[in-house]
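Heavy-atom basis, side chains included; hydrogens, waters and symmetry copies ignored. Residue numbering restarts at 1 for every chain, and letters A, B, ... go by the order of the sequence lines.
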There are 2 protein chains.
Amino acid sequence: MVRNPHRSPVMADVARVAGVSHQTVSRVLNDHPNVRPETRERVLAAIEGLGYRRNSTARALVTRRTDTLGVITFDTTLYGPASTLHGIERAARDAGYFLSIVSLRDLTRADLAEALDHLARQQVDGIVVIVPQSAVAVALTEMPQQVPVVTVEGDADVGLAVVNVDQHMGGALVTEHLLRLGHRTVWHLAGPEDWLEAQARLSGWRETLLAAGAPVPPPLYGDWSPRSGYRNGQRLAGMPDVTAVFVANDQMALGVVRALHEARIRVPEEVSVVGFDDIPESEFFAPPLTTVAQDFAEVGRKAIALLLDALAEEEPPWRHAGPADGATPAPAAPRVVVRPQLVVRRSSAPPTPR
Amino acid sequence: MVRNPHRSPVMADVARVAGVSHQTVSRVLNDHPNVRPETRERVLAAIEGLGYRRNSTARALVTRRTDTLGVITFDTTLYGPASTLHGIERAARDAGYFLSIVSLRDLTRADLAEALDHLARQQVDGIVVIVPQSAVAVALTEMPQQVPVVTVEGDADVGLAVVNVDQHMGGALVTEHLLRLGHRTVWHLAGPEDWLEAQARLSGWRETLLAAGAPVPPPLYGDWSPRSGYRNGQRLAGMPDVTAVFVANDQMALGVVRALHEARIRVPEEVSVVGFDDIPESEFFAPPLTTVAQDFAEVGRKAIALLLDALAEEEPPWRHAGPADGATPAPAAPRVVVRPQLVVRRSSAPPTPR
DNA sequence: CGACTCCATGTGAACGCTAACAATTGGGGG
DNA sequence: CCCCCAATTGTTAGCGTTCACATGGAGTCG
């Protein structure tokens, strides 16, 4: 029987050319120790000559490992998620894994279930979920997992492995910075209420104010977009006692600064504005924005590292339903925290009476 | 023989429960017409009951289709590539495809080859390459493809299917806009010389100047970053005859505006600045940036549509080495062009003597 | 009423790989 | 000199699916 010449070569073809059995070819490919160097050479030459590439589909069928990790994200257009994704991609490939990506249309339970199903059908070895919304994080725990799952910017309290930037600390850093400059209090334009990062930044802000005995103004809420920053900035411009604003991300901060500028309120002389994320642009805003830098690449690396750890464990109780058997106490789901860093630029300064 | 109860169910399990053969289960799953409705019901019930999910690995092995598309990108942190990727992801999933992503570390031939190899091993059905660098585009044509390839923002002249935003037109739109405002000529801060988009925007600019009989100043070059815009902005600030600058992307434009501002040169009164990309921030820059909007989502959709077209063709001569047999003339590689749109904001205005 | 078709279903063989075991060789120790 | 063991290689049997073909029963038609 003659193989279709247009079909790419398979192991048997290599074996024939090298004059060995297909199993020996497999051994060479898998770096088995017991292969004579001379035989190995011959096989490698045949592989080279034929341009053979192992069919990872067939391999996955028998090994039950696809060497593929799934990633579930939300809006990959936002700077944070995009950067994290980038870090994950790098780390995964360095570890020899393929990456399969699903981005959620809506942050709904149904969409999440569909995404998990999509990845399960594809037999991924593990999943990274970048879904910083609390409802979704909870929903995730209710779906039975066949494979290890690591969440990024997820809820640390739902029992899943998680890698987080310490958003609470970030909010505290900003607030302390502004209080130390002499502001009586700090206003806050937060992100959407159901975003975990927004909640944590807000609580860092609130607790710092409380600890300092400063009044806690009612927070404003935006949707991360520059436009929502602009609208809220217009509101802030109308409040004469505002001297310092902590904005939950740089894009909204840009909008706030713009609105203040249009209202002829000078930044930072009359109102200090601090952002969050340290997007590449923020250094060149007018004025350059004081903000909080997060090491997204590090977050991506840590997430993959956690996933690989879980994959390396032989017994697969990645998720413990409860106390279960007393023999092996369920190890707590690992948490990794990456510390953010305050970057002081020119948009924050001591208060001046307005 | 008893199956490991922890193993997920397979077709045979469904078959046993439903009292049919595995082949009938397969028929139900693949919507074959000749299955009695009653049988279908029984099979579906068994699937539901067992929580069965088809193993797409095994399926791929026999069908030789993985329902997976590969995407090769470069820096997914940049707004354009990130947005395009987003559009591609959506379109691919709507069409029922999985997406496997590889991002190049360096824009080198070796890295590209590795990425292609990575995807080939994974048996992807087709590949989208978002690699807007000319050297890489050429290298791509020299690598034999087993599967259809569509390039995004690639070189239209190398014989691969390509989806492009008409960057040349974008450059022309900006230049015409500025000339029409009364500027004697327009300076240009271009992107890196080896980027195709940078080349096309530059040529649109140059040709428009030539057509208008305006002098063509020597272009400056940046690396897309706000910082490089800033540095080049400092140079431009020192040139008294500059009244209008076309900057090849919004991030650099931000840097230019910043540098001009620091040099106490007012935008747009003394110098008009126009960017490219229409990132969400640009509307809120100081002043709001005149720029060119590109429909990245549309680009992503078109790229997937092209790939699906190629996949649908039965005969697979996706790439014709030459004229070959006279019988079926090689169809020209399809080109799809998406038109950009000028967005006029406040950073461009008629010239005023400086 | 026999031959023929159509429908519904089952059976066996791939797909390309790895795991498990079998077979063959050569060398060292008793 | 023979036996045993290690090293090297081959053989066979899956992995879970789809494809090609076989089977059997119910109509249909001349």
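- With hydrogens and angles ignored, the 3.5 Å screen pairs no side-chain donor or acceptor of B:Asp125 with any backbone N or O of B:Leu69.
- If you check D:dG16, D:dT11, C:dT11 against the side chain of B:Val62, the one that comes closest is D:dG16.
- In this structure, the nucleotide among D:dA13, D:dG16, C:dG10 sitting nearest to the side chain of B:Arg27 is C:dG10.
- DNA chain C is contacted by both A:Ala12 and B:Gly19; B:Gly19 maps to the nucleotide lying nearer its 5′ end (nearest heavy atom per residue).
- When the C1' atom of C:dT18 is taken as reference, atom CZ of A:Arg65 falls 14 Å away, rounded to whole Å.
- Rounded to an integer number of Å, the gap from CZ of A:Arg42 to P of D:dT8 is 14 Å.
- Atoms CD (B:Gln23) and P (D:dT23) sit 16 Å apart, rounded to a whole Å.
- Between the P atom of C:dG16 and the CG atom of A:Asn30 lies a distance of 18 Å, rounded to the nearest Å.
- Rounded to whole angstrom, the span from the CG atom of B:Asp67 across to the P atom of D:dT18 amounts to 11 Å.
- Residue whose closest nucleotide on DNA chain C sits further toward the 5' end, between A:Asn55 and B:Thr39: B:Thr39.
- Considering only the side chain of A:Leu61, D:dG16 comes nearest among C:dG10, D:dG16, C:dT18.
- Taking only side-chain atoms of B:His22, from C-beta outward, the nucleotide of C:dT11, C:dC17, C:dA19 with the closest atom is C:dT11.
- Distances shown here put every side-chain N or O of A:Tyr52 at or beyond 4.0 Å from the OP1 or OP2 atom of C:dG16.
- No close placement of the B:His86 and B:Phe296 rings is indicated, their centers lying 6.0 Å or farther apart.
- The side chain of B:Met11 lies closest to D:dT18, out of D:dT18, C:dT18, C:dG16.
- The nearest whole Å value for the distance from the CG atom in A:Asp31 to the P atom in C:dT18 is 12 Å.
- Comparing C:dT11, C:dG16, D:dT8 against the side chain of B:Arg64 picks out C:dG16 as the nearest.
- Of the side-chain N and O atoms in B:Arg36, none sit less than 4.0 angstrom from OP1 or OP2 of C:dA8.
- The closest donor-acceptor contact from the side chain of B:Thr151 to the backbone of B:Ala161 lies under 3.5 Å.
- As rounded to whole Å, 11 Å separates atom P of C:dC15 from atom CG of A:Asp13.
- Residue A:Thr57 is out of contact with every strand shown, counting any heavy-atom pair closer than 4.0 Å.
- There is no side-chain donor-acceptor pair under 3.5 Å between B:Gln122 and A:Ser56.
- Between A:Ser26 and the phosphate of C:dC17, there is no side-chain N or O to OP1/OP2 separation shorter than 4.0 Å.
- For B:Val35, taking side-chain heavy atoms from C-beta onward, the closest of the listed nucleotides C:dT9, D:dA20, C:dG16 is C:dT9.
- Side chains of B:Asn30 and B:Arg59: a donor on one and an acceptor on the other come within 3.5 Å.
- Contact between the side-chain N/O atoms of A:Thr24 and the OP1/OP2 oxygens of D:dT9 is not found at any separation under 4.0 Å.
- Taking atom CZ of residue A:Arg16 and atom C1' of nucleotide D:dG10, one finds them 16 Å apart after rounding to whole Å.
- Across all strands shown, A:Ser21 has heavy atoms under 4.0 Å from base atoms, whether or not it also approaches the sugar-phosphate.
- Checking the phosphate oxygens (OP1, OP2) of C:dC6, no side-chain nitrogen or oxygen of B:Asn34 falls inside 4.0 Å.
- Counted by atom type alone, B:Gln123 and A:Thr57 present zero donor-acceptor pairs between their side chains at under 3.5 Å.
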